[in-house]
Structure formats: structure tokens, C-alpha cells
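Here is the structure we will look at.
First the proteins, then the strands, lettered A, B, ... as listed; each starts at 1. Note that the structure is predicted; figures quoted are calculated from it, not measured.
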There are 2 protein chains.
Amino acid sequence: MVDPMYRQIAEDLRRQIEAGELAPGAQLRTELELREKYNASRNTVRDAVKWLITRGMVETRPGQGTYVVQKISPFVTTLTGDAASGGNDEGPVYASEVKAMRRKPEAPAPRVEIQQADSDTAGALQVPEGSMVVSRHQRRLIDQTPWSLQTSFYPMKLVERGATRLMQADDIKEGTAAYLARTLQIKQAGWRDTIIVRAPDGDETRSFKLPDDGRISVVETRRTAYDDQGLPIRLTVSVYPADRNQFAVNVGDLPSQVADPPSADESGSSTAEAGQDA
Amino acid sequence: MVDPMYRQIAEDLRRQIEAGELAPGAQLRTELELREKYNASRNTVRDAVKWLITRGMVETRPGQGTYVVQKISPFVTTLTGDAASGGNDEGPVYASEVKAMRRKPEAPAPRVEIQQADSDTAGALQVPEGSMVVSRHQRRLIDQTPWSLQTSFYPMKLVERGATRLMQADDIKEGTAAYLARTLQIKQAGWRDTIIVRAPDGDETRSFKLPDDGRISVVETRRTAYDDQGLPIRLTVSVYPADRNQFAVNVGDLPSQVADPPSADESGSSTAEAGQDA
DNA sequence: CCGTATTTGTTCGTATGTATT
DNA sequence: CAATACATACGAACAAATACG
């Protein structure tokens with residue numbers, strides 16, 4: 001009938017946190033103190049804390065204590081760019097916009113590989129499954145914090161036709177879309193993004209330093225870009241940890257002063273175009 | 001040095017699930033059997049199962065057993081519509097597209113309220129904080145399953161200027177954007193969506209019948225729509241459970257045959273325009 | 001650098017409650 | 001009603017991480 005005790009304890013702590021009696025960053029009472037206060041066993045208190053952890057409200061630090069979590073200032077990625085006008089390639093835009101917000105972007109040199117297309121990649125690029133594709137994998141950091149993992153796949157055919165820089169393991173400063181336009185006269189006409197939310201895999205948990213209990217999910221965007229013939233040029237898969245990212249989509253005519261959306265927390269946020277190529 | 005035992009057990013079960021040795025829907029061995037197999041205590045086995053639950057890989061049913069989760073066939077919401085051409089209003093499109101996919105959409109009559117704008121709403125609608133706004137709240141179901149919760153806010157000024165139907169608690173079949181265009185000659189020129197992923201609140205957990213341990217997050221989109229003067233017409237806040245929804249964004253010219261994205265599971269998926277007004 | 005106290009992490013055992021079949 | 005299986009709660013012990021003198 002009544003809630004189990006560990007839930008009652010958890011709800012009481014939750015109330016204190018949401019009422020601000022326990023500020024972000026504040027330390028909760030130790031398990032032994034809570035045990036006395038609620039007249040429960042240590043394991044029951046720990047179940048209550050676990051419940052709060054799952055909801056992302058507190059975190060425990062071995063040897064130190066339990067603390068109310070500090071919200072991370074979110075970063076906003078705009079998924080719609082201007083496909084008609086010149087720069088369809090967001091790489092450079094990304095870097096400058098982030099810098100404008102006084103946040104330091106970093107993008108280590110990409111890891112370039114030649115591999116066989118799996119069925120998803122082959123389907124998106126409209127090439128036979130198992131045919132060769134160039135993959136360019138890149139980590140993006142903001143203020144030394146890993147912000148996204150990105151892998152772009154290009155059909156090998158583009159390299160054969162002369163876009164040899166795709167295979168070099170360094171940044172293409174002008175952006176790959178501009179490079180393809182200059183080299184092969186391939187014009188990127190548009191793209192389609194699909195967005196899903198899922199649990200992080202082991203790699204992502206490590207890269208993003210996520211708590212390894214998987215409670216923070218990741219957002220995966222899959223962008224298939226097409227040329228003016230309607231043929232796919234590239235597939236870019238980006239993975240973002242959900243706790244430090246927001247996304248924006250602009251459609252139609254908007255007033256220019258529409259800048260940042262109200263952010264979920266009190267601290268400031270930043271905007272940038274999506275760095276959707278690697 | 002080594003992983004704790006509960007993690008080792010969890011990883012072993014995880015491997016079996018990902019290798020397909022334990023198919024979706026299959027029952028795991030009972031806690032007592034696992035206890036014998038891994039030579040651990042029941043509590044340790046339960047810790048391992050808990051770890052898998054947090055990751056959404058298994059679910060427990062009291063009195064029955066532990067089962068590998070069945071993936072839900074995802075529903076795709078397209079966030080970009082055609083802002084220039086006629087139907088900027090997705091309500092009707094939503095219904096017809098869902099039906100075309102042989103999935104039964106339902107949208108009970110909206111709950112209409114007059115309330116004071118909080119700071120977020122006021123900021124988006126560019127009205128003074130505390131001024132009156134009309135809120136239209138709607139639940140959307142697909143195949144009897146709650147799929148999204150939606151609340152649209154309109155400045156009271158629109159009602160004063162003659163859009164009285166906004167305050168009636170019934171569906172506006174033509175869609176509110178078309179209604180506003182017809183009645184007040186207000187043309188919706190575009191919108192901006194911001195997308196965030198967060199933990200569900202109590203209401204959402206109940207409505208979507210989510211497991212109350214909060215491991216499944218929700219996607220919240222906030223759509224601010226503007227008229228051709230650049231003035232905000234409405235703010236629509238939609239909340240989707242992340243386990244049964246995907247999103248799509250189309251930019252520029254795309255080949256028409258670009259239909260469904262490859263879905264995360266083996267079952268079919270469906271597409272529809274966003275039902276972003278209520 | 002070392003040792004000690006504090007605090008959380010892991011693992012066991014046991015008993016009882018609740019839901020399902 | 002009984003058997004089964006998971007849920008909650010207690011107590012205890014030792015390990016590991018951290019802070020501090």
C-alpha cells in the first residue's frame with residue numbers, strides 16, 4: 001500500500017534538493033547519518049541514494065560522500081543550415097561559432113580508414129553492401145571536454161574520381177563539402193538527419209567519461225547528404241552525450257534576433273552550427 | 001584490479017543477449033539458478049540484473065521472471081515541414097500519415113486553460129511575464145499507446161483579435177495555423193525547434209507508463225512559430241518518450257525516394273509530420 | 001611518506017512481503 | 001491454497017578511495 005521505505009527516504013531527499021535546501025554541489029549527510037535520521041539500515045539508505053543517482057540528481061564519490069549534481073552548461077547544435085547558399089559544410093562554421101562564445105573548440109586529426117560498408121552504411125550511400133568506403137572518424141572537444149564523436153563515410157568512388165584528400169588523416173580546413181565542390185564539381189544540395197536517443201556503448205562511455213551505469217543516454221544523428229542529382233555523397237554519424245547537448249531546427253523565415261533558446265538551467269549556453277562532417 | 005563480480009555476471013549476460021543467445025522476449029534463468037551458475041549470492045546476482053535493467057536490456061516481472069526486452073517499433077517525427085507551401089500546420093498531416101502506415105492515431109480533445117505565462121513561455125512569445133496566455137494541452141496516442149504529450153501556448157491577444165476558437169476544448173480540424181490564417185490573416189512564416197533530452201517527471205512517467213526508475217528519458221521539443229512579421233504566434237512544447245520515437249530533419253533538396261531511415265531494430269517503422277500544434 | 005579515520009563499494013546471509021501462476 | 005519468483009529490509013564484514021595529520 002505505502003511506498004517502500006527506500007522510496008520515502010529518496011522522495012524526502014528529492015524534495016530537499018528541488019526546494020533548494022540542498023544546493024547543487026552540496027554534500028548530503030553520510031550513509032551512517034542518514035541511517036540514524038531515517039531509522040533504517042545502511043543498505044536501505046543506499047537503495048534510496050541509488051534511486052536518486054539513477055535520476056541524475058546526486059552522485060557519490062568514494063571516500064568523500066554523496067553530492068547534489070552540478071548541471072553542465074549545455075551546448076546547442078543547429079541541425080538546419082542554409083543548404084541553398086554557399087557553405088553547406090559546417091566544419092569551419094562550427095569552429096568559429098564556438099570560439100565566438102569564448103569556448104575553446106578542439107578537433108584532433110581524424111582517423112581515416114578504408115572499410116567495407118555494413119548494411120546500414122551501404123543502404124544510406126546506395127552502394128552494394130561490402131563495397132569499400134572511406135571512413136573519417138573524429139572526436140570534438142569543447143573546453144577540453146569531449147563533446148561529440150563523429151564518423152563520416154564516403155563512397156570509394158569519390159576518391160577514384162580524384163578526391164584523394166579524403167584519405168589523408170588531417171583536417172580539411174575548407175570543409176569536405178567545399179573540397180568536393182572544388183575538386184569534383186559535386187554540389188551538396190541537401191541532407192536528411194535522423195535522430196535517435198539510445199544508451200551509450202562502452203566506447204562512448206569511456207570517451208565521454210559518462211558514469212558507467214548507463215543512466216545518461218546519447219543522441220545519435222545520422223546525416224545523409226545528397227548532391228543535386230539526388231545521389232548520396234556521404235553519411236555522417238554523430239554521437240552526443242545527452243547531458244551536455246541541445247539541438248535546434250530552424251524552418252522558414254525567422255526573425256534574426258532569435259538567438260539562444262531558454263536553457264534548461266541558470267547558466268549560459270552557446271550556439272553553433274553542426275560540425276557534421278569529418 | 002578486476003571488475004566486481006556483479007559486473008562480470010552482468011557482462012556475461014550482456015554478451016549472451018547481444019550475441020543473440022538470449023533472444024528478445026526470452027526468459028533469463030531465475031535468480032536462484034543464476035546464483036548456482038555463477039557461484040554467487042542472490043544479492044550479487046540481483047545487482048547484476050539491476051545493472052542490465054538500468055541499461056534497458058532486461059526487465060523483471062514479479063512472480064514470473066526476468067526477460068530480455070522487446071524493442072518497440074519506433075515512430076518517426078519529421079521536424080521540418082514545408083514552411084513556404086500551404087500546410088504549415090501539421091495536425092491534419094500527422095493524422096493522415098499515421099493512418100497510412102496502418103497505425104491508429106488518436107488524439108482526445110485538448111484541455112484548454114487560461115494561465116499566466118511563466119518566464120520561459122513569456123520569453124518565447126515575447127509577452128510580459130505573468131500576462132495571460134491560452135494553453136491547449138493534448139495527449140497523442142498511436143495504437144492505443146501514449147506517444148506524446150503536447151501543450152501549445154498562444155498569446156491572449158490572438159483571442160481578443162477574434163480567434164475565439166482557440167479557447168474551445170475541441171479539435172480544430174483544419175489546424176490552428178490554418179485557422180489563424182483564415183480568421184486573422186496571420187501567416188505562419190517559420191519556426192524554431194529546440195530539442196533537449198531529459199529525465200521524465202512524475203506526470204510523464206505515468207502518462208507514458210514508463211518504468212518508474214527513470215532510466216528511459218524523454219525528448220522535449222519546444223517549437224516557437226513566427227508570422228511573416230517575425231512575431232511569435234505560438235509556443236508548442238512536445239514531450240516524447242525516447243524509447244519509441246525517432247526524429248528526422250530534412251534540409252535542402254532531397255530525392256523523393258528518401259523515405260524511412262534504417263531503423264534501429266528489425267521491425268518496421270513509420271513516418272509522419274510532427275503534430276506540433278494542439 | 002605513512003598511518004589512521006572517514007566514507008562509499010562490494011558481498012554475503014537471512015527474513016519477510018507481494019505478485020503471478 | 002500452494003508454489004514460484006521477484007521486492008524489500010535488516011545486519012555484518014571487508015575492500016577501496018580519499019582526506020588529513
Side-chain angles (χ1 to χ4, degrees), chain A residues 1-14 17 22 25-70 205 209-215, chain B residues 1-14 17 22 25-70 205 209-215:
Chain A
M1 205 58 204
V2 291
D3 272 359
M5 191 187 304
Y6 79 94
R7 284 275 261 126
Q8 295 182 39
I9 297 173
E11 292 292 0
D12 188 54
L13 291 170
R14 176 198 191 128
I17 291 169
L22 288 167
Q27 180 175 5
L28 267 68
R29 268 168 281 200
T30 68
E31 292 173 351
L32 286 170
E33 288 169 333
L34 291 175
R35 177 195 130 105
E36 288 186 15
K37 165 164 184 188
Y38 293 106
N39 198 27
S41 80
R42 184 174 164 232
N43 277 331
T44 301
V45 168
R46 280 177 62 75
D47 279 347
V49 171
K50 237 178 247 173
W51 191 85
L52 293 169
I53 289 176
T54 305
R55 256 140 275 253
M57 305 191 66
V58 304
E59 63 182 350
T60 52
R61 302 179 203 151
Q64 295 187 61
T66 306
Y67 297 82
V68 181
V69 293
Q70 302 266 22
T205 301
K209 300 191 190 9
L210 296 177
D212 78 346
D213 63 2
R215 69 176 180 276
Chain B
M1 204 58 205
V2 289
D3 274 357
M5 192 187 302
Y6 79 94
R7 283 276 262 127
Q8 294 182 39
I9 297 173
E11 292 290 359
D12 188 52
L13 291 170
R14 175 196 191 132
I17 291 170
L22 288 168
Q27 181 175 7
L28 268 67
R29 268 169 281 203
T30 67
E31 292 174 349
L32 257 58
E33 288 169 333
L34 291 174
R35 178 195 130 102
E36 288 186 14
K37 166 165 183 187
Y38 293 106
N39 198 28
S41 82
R42 183 169 167 244
N43 278 331
T44 302
V45 167
R46 279 176 62 75
D47 281 346
V49 172
K50 229 178 255 174
W51 191 84
L52 293 170
I53 289 176
T54 305
R55 253 139 277 250
M57 305 190 67
V58 304
E59 62 182 351
T60 53
R61 301 178 204 151
Q64 296 186 57
T66 306
Y67 296 82
V68 180
V69 294
Q70 301 268 23
T205 300
K209 300 189 193 2
L210 295 177
D212 77 344
D213 62 1
R215 66 175 182 275

Can you find a donor-acceptor N/O pair under 3.5 angstrom joining the side chain of Arg35(A) to the base of dG11(D)? no
Please state how far atom CG in Asp47(A) lies from atom P in dT8(C), giving the value in whole angstrom units. 15 Å
Atom CD of Glu31(A) and atom C1' of dT6(C): how far apart are they, to the nearest Å? 12 Å
dA7(D), OP1 or OP2 - any side-chain N/O from Arg46(B) closer than 4.0 Å? yes
Measure CZ/Arg42(B) against P/dT10(C) and give the value in whole Å, please. 19 Å
Roughly how many Å is it from CG in Leu34(B) to P in dC12(C), rounded to a whole number? 13 Å
Tell me whether the side-chain N/O atoms of Thr66(B) come closer than 4.0 Å to OP1 or OP2 in dA5(D). no
More than 12 heavy atoms of other residues, nucleotides or ligands under 6.0 Å from CZ of Arg55(A): is that the case? yes
How many whole angstroms separate atom CG of Asp3(A) from atom P of dA7(D)? 16 Å
Test Thr66(B) against every option in Val49(B), Leu13(B), Leu34(B) by the side chain to side chain contact (heavy atoms under 4.5 Å, CB included) rule and name the one that passes. Val49(B)
Can you tell me the distance, in whole Å, between the CH2 atom of Trp51(B) and the P atom of dG9(C)? 17 Å
Give the nucleotide from the list dT8(C), dT11(C), dC10(D) with an atom nearest to the side chain of Met5(A). dC10(D)
Could you say whether Arg61(A) or Pro4(A) is positioned toward the 5' end of DNA chain D, judged by the nucleotide with the nearest heavy atom to each? Pro4(A)
For Tyr67(B) and dA19(C), give me the distance from atom OH to atom C1', rounded to whole Å. 13 Å
Nearest nucleotide by nearest heavy atom, which residue falls closer to the 5' end of DNA chain C, Gly63(A) or Asn43(A)? Gly63(A)
Just compare dC10(D), dT8(D), dA7(D) and give me whichever is closest to any side-chain atom of Thr60(B). dA7(D)
Measuring to OP1 and OP2 of dA19(D), would you say a side-chain N or O of Gln64(A) lies under 4.0 angstrom away? yes
Out of dC10(D), dA7(D), dT8(C), which has the shortest distance to the side chain of Thr44(A)? dC10(D)
In this structure, OH of Tyr38(A) is separated from CE of Met5(A) (nearest 0.5 Å) by 12.0 Å
Quick check for you: to the nearest 0.5 Å, what is the distance between Ile9(A) atom CD1 and Asn39(A) atom CG? 9.5 Å
Rounded distance in Å - CG (Leu32(B)) to P (dT4(D)): 10 Å
Output for pair (Tyr67(B) OH, Arg61(B) CZ), nearest 0.5 Å, gives 5.5 Å
